[in-house]
Amino acid sequence: MQYISTRNVGFQCSASQAIVQGLAKDGGLLTPFYIPKLPNKALEEMKSMAYQHRAVYIMKQFLEEFSVKELTDFANAAYGPEKFDTPAVAPVRTVDGNTHCLELWHGPTCAFKDMALQMLPHLLSASLVKTEEEKTACILVATSGDTGKGALEGFRDVPRTKILVFYPKDGVSEVQQLQMVTQEGSNVGVAAVYGNFDDAQTGVKRLFSDQELAKELADKGYFFSSANSINWGRVLPQIVYYISAYCDLLRDEKIESGQKVNVCVPTGNFGNILAAYYAREMGVPIDQLICASNSNNVLTDFIRTGVYDRNRDFYNTMSPSMDILISSNLERLLFALTQDTEEVKGYMKELAASGRYQVRDRIKEKLQQRFKGYFCNDKETQRVIREMYDNHGYLIDTHTAVAFSALEQYRKETGDETVCIVASTASPFKFCDSVLEALGETEIAQGLDALDQLAAKSGQPAPAPLSGLRDKQIRFTETVEKEHMVDAVWNMLG
Ligand SMILES: *Cc1c(COP(=O)(O)O)cnc(C)c1O
């Protein structure tokens, strides 16, 4: 299967090249030229398979150069019992007759990023061999919280890789910071940056584009690579869990063969919901894709008007992983809808120049046929957390609550009661403060003690990777000026 740049159909490469490169040289995203269809009966066949086996089956359709044996080893390592706290890996919890919650946070960092970041390092290591790249990949990540820890945990002690994470000194939660600075592994580095997330992100981009630095690195046997969600190796493992959820519902006789379902996803960079779209393209009977946003509702407006406009106020919300105004993976959807890389390139040029673009009417129609957009603010987020807990005894995090609000709005507006799979993207224990407040607590314990408070309040234990943070050694204390992030690179590489 060929991969192309979303900005140039003339550029073609293999899956392993796409995974090693991360981003096309022209700034486009490397994307399969077409989405393969699942064989007839595939869903029936996968019904009785374990998650790992389903992952092999699905990923193989996109990765011809990888053998089933290779992919099986990867899936067993990525989704094994040392990594995930349930053998189901991504279990589906039924909330009511037509609402099912797909829990994506049973991995080592308690957020859905694990589903892809546990797999990506295996794909990348093997791709280095297949592309005959001899240098070691030095993976740089700027993070506002979840991605950094997910990437560190995924790449720790992976041969021929080093990973360095930059986080804004005062821009992450206490739990998130502790998760990162206590990271174990011999190939990892973590540095705080004076400034906010944008400063860290801009600094990383500068390191990527520094040609002299690239030369120096090459002399020492390294090259920079990326683990953020523009890498195809992060989108692909996410397709698996939507198909897996459908198979679970079939297996448990909650739906019939061929029955249509909707999918609702709390969305930031558009990677997660894009994977659901691809699952549909592969032949899973998915009807509507409900895109849920917080007060940073640029996607809601785009879906409703066909105008993408990032020129607006930015809000820090209690669902911080969705605080984003440029949803990078939307570019892949634009290619899927237009099938025209010149058109995509035009839109992206406008976005870079003016922060805004408007798609053609025909594209808007296609978009609206498949996607529905809703958003909610923090107050509504907390109302949903509380009601979900009171009515169903189900504790959800702030991001997942935004999705449930969107689903409620969708059902009210359309009357469509089709079975819906809601993606649950983080453990509620990752956002203790907001969840406790939603449940009516007024005095909230400091730091990790909030984990105990939420455990006592809900009668559920905090996930082991979070409560275990107390016993971990702090390994990384370096803070760098944003102009001097390169120092952290040399500190790590020696
Ligand atoms: C990253 C993240 C999201 C947003 O996912 P995208 O793929 O960027 O749309 C939502 N919720 C949580 C908890 C996340 O960590």
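Quantities reported herein were computed from a predicted structural model and do not represent experimental measurements. Here, residue 1 is the first one in the sequence, and each next residue gets the next number.
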Counting only heavy atoms from other residues, nucleotides and ligands, does the tally under 6.0 Å from CZ of Phe33 exceed 12?
no

Any heavy-atom pair between the side chains of Lys430 and Asp146 that's under 4.5 Å?
yes

For a salt bridge (charged side-chain N to carboxylate O under 4.0 Å, His left out) check, start with the C-alpha distance between Asp248 and Arg54, then their side-chain angles and the critical distance, and finish with the verdict.
CA-CA 11 Å; Asp248 277 1; Arg54 290 173 182 165; 2.8 Å; yes

Ile35 side, atom CD1; Ile239 side, atom CD1 - distance, nearest 0.5 Å:
6.0 Å

Please check this pair: side chain of Ser354 against backbone of Arg356, looking for a donor-acceptor N/O pair closer than 3.5 Å.
yes

Residues Tyr315 and Asn297: side-chain donor-acceptor under 3.5 angstrom:
no

Leu104 and Tyr241, any side-chain heavy atoms less than 4.5 Å apart:
yes

Does atom NZ of Lys260 have more than 12 heavy-atom neighbours from other groups under 6.0 Å away?
no

Minimum heavy-atom separation for Tyr246 to Ile421, with atom names?
N-CD1, 4.4 Å

For the rings on Trp105 and Phe431, is their centre-to-centre separation under 6.0 Å?
no

Just checking Lys345: does its NZ atom have more than 12 heavy atoms from other residues, nucleotides or ligands closer to it than 6.0 angstrom?
no

Taking the six-membered ring of Trp490, is NZ or CZ of Lys220 closer than 6.0 Å to its centre and within 45° of its axis?
yes

Can you tell me which residue pairs pass the side-chain hydrogen bond (donor to acceptor under 3.5 Å, both in side chains) test with a partner in residues 9-32, sequence neighbours excluded?
Ser5-Asp26, Ser14-Ser16, Ser14-Gln17, Ser16-Glu65, Thr31-Arg332

May I ask you to check if Lys482 and Phe166 form a cation-pi contact, with NZ or CZ under 6.0 angstrom from the six-membered ring centre and within 45° of the axis?
no

Show, in sequence, the C-alpha distance, side-chain angles and deciding distance for Ser424 and Glu103, and conclude whether the side-chain hydrogen bond (donor to acceptor under 3.5 Å, both in side chains) test is met.
CA-CA 5 Å; Ser424 176; Glu103 294 182 348; 5.8 Å; no

Taking Glu133 first and then Lys135, would you say they form a salt bridge - that is, a charged N and a carboxylate O separated by under 4.0 Å?
yes

Report the C-alpha separation of Lys215 and Asp219 in whole Å, then their side-chain angles, then the decisive distance to 0.1 Å, and conclude whether the salt bridge (charged side-chain N to carboxylate O under 4.0 Å, His left out) test is met.
CA-CA 6 Å; Lys215 247 189 245 136; Asp219 286 344; over 6 Å; no

Quick one about Arg160 and Thr136 (side-chain donor to acceptor, distance below 3.5 Å, no hydrogens or angles considered), yes or no?
no

What side-chain donor-acceptor pairs closer than 3.5 Å can you find for residues 39-46, not counting sequence neighbours?
unit_1, atom_1, unit_2, atom_2, d
Glu44, OE1, Lys47, NZ, 3.3

Just one of Phe62, Trp232, Phe335 clears the ring pair (Phe, Tyr, Trp, His ring centres under 6.0 Å) bar with Tyr278, so which one?
Trp232

Over all heavy atoms of both residues, which pair between Ile139 and Ala227 is shortest? Give the atoms and the distance, please.
CG2-CB, 3.6 Å

CA sep, side-chain torsions, deciding dist, call: Ser229, Asn269, side-chain hydrogen bond (donor to acceptor under 3.5 Å, both in side chains):
CA-CA 8 Å; Ser229 70; Asn269 221 10; 3.1 Å; yes

Which class fits the ring pair Phe302 and Tyr308: parallel under 30°, tilted 30 to 60°, perpendicular over 60°?
perpendicular

Could Arg312 and Asp301 be called an ion pair, given the rule that one side-chain N must be under 4.0 Å from one carboxylate O?
yes

Take Glu70 and Lys60, measure what salt bridge (charged side-chain N to carboxylate O under 4.0 Å, His left out) needs, and give me the verdict at the end.
CA-CA 10 Å; Glu70 269 179 299; Lys60 179 68 183 151; over 6 Å; no

For the atom pair OH (Tyr79) and CE (Met119), what is the distance rounded to the nearest 0.5 Å?
4.5 Å

Minimum heavy-atom separation for Ile363 to Leu337, with atom names?
CD1-O, 3.8 Å

In terms of side-chain heavy atoms, does Glu331 have a donor or acceptor partner in Thr6 at a distance below 3.5 Å?
yes

Ring-face cation contact, Tyr374 with Arg304, 6.0 Å cut, 45° max:
yes

Does the side-chain hydrogen bond (donor to acceptor under 3.5 Å, both in side chains) test come out yes or no for Gln183 and Lys149, once each step is laid out?
CA-CA 8 Å; Gln183 177 64 44; Lys149 178 61 183 180; 2.6 Å; yes

Could you walk me through whether Arg370 and Asp287 pass the salt bridge (charged side-chain N to carboxylate O under 4.0 Å, His left out) test, one step at a time?
CA-CA 7 Å; Arg370 195 57 51 216; Asp287 186 21; 3.3 Å; yes

Side-chain donor-acceptor contact under 3.5 Å, Asn187 with Thr161
yes

Measuring only between side-chain heavy atoms, which start at C-beta, is Val204 closer than 4.5 Å to Phe224?
no

Using a 4.5 Å cut-off on heavy atoms from C-beta on, say whether the side chain of Gln52 contacts that of Val89.
yes

Leu63 vs Leu123, test: side-chain contact (heavy atoms from CB on, under 4.5 Å). Steps then yes/no.
CA-CA 10 Å; Leu63 302 173; Leu123 295 175; 3.9 Å; yes

Take the angle between the ring planes of His122 and Phe74 and call it parallel below 30°, perpendicular above 60°, tilted in between.
parallel

Heavy-atom closest pair, residues Met492 and Cys138
CE-SG, 4.1 Å

Is atom CZ of Phe66 surrounded by more than 12 heavy atoms (other residues, nucleotides or ligands) closer than 6.0 Å?
yes

Donor-acceptor pair, Thr267 side chain versus Val265 backbone, under 3.5 Å?
yes

Would you please test Arg156 and Glu184 for side-chain contact (heavy atoms from CB on, under 4.5 Å) and show each step?
CA-CA 7 Å; Arg156 82 190 245 194; Glu184 291 160 359; 3.6 Å; yes

Could you go through Asn491 and Glu478, starting from their C-alpha distance and side-chain angles, then the distance that decides it, and tell me whether this counts as side-chain hydrogen bond (donor to acceptor under 3.5 Å, both in side chains)?
CA-CA 10 Å; Asn491 262 352; Glu478 185 184 12; 2.8 Å; yes

Quick note, ring pair (Phe, Tyr, Trp, His ring centres under 6.0 Å) partners involving residues 129-159, not counting sequence neighbours, are none

Intermediate values then yes/no, side-chain contact (heavy atoms from CB on, under 4.5 Å), Leu207 and Leu140
CA-CA 9 Å; Leu207 293 175; Leu140 298 184; 3.9 Å; yes

Donor-acceptor pair, distance only, cut-off 3.5 Å: does the side chain of Lys37 make one with the backbone of Glu281?
yes

In Å and rounded to the nearest 0.5 Å, what is the CE to CG distance from Met318 to Asp323?
11.0 Å

Determine the minimum heavy-atom distance between Gly28 and Leu23, stating which atoms define it.
O-CD1, 3.4 Å

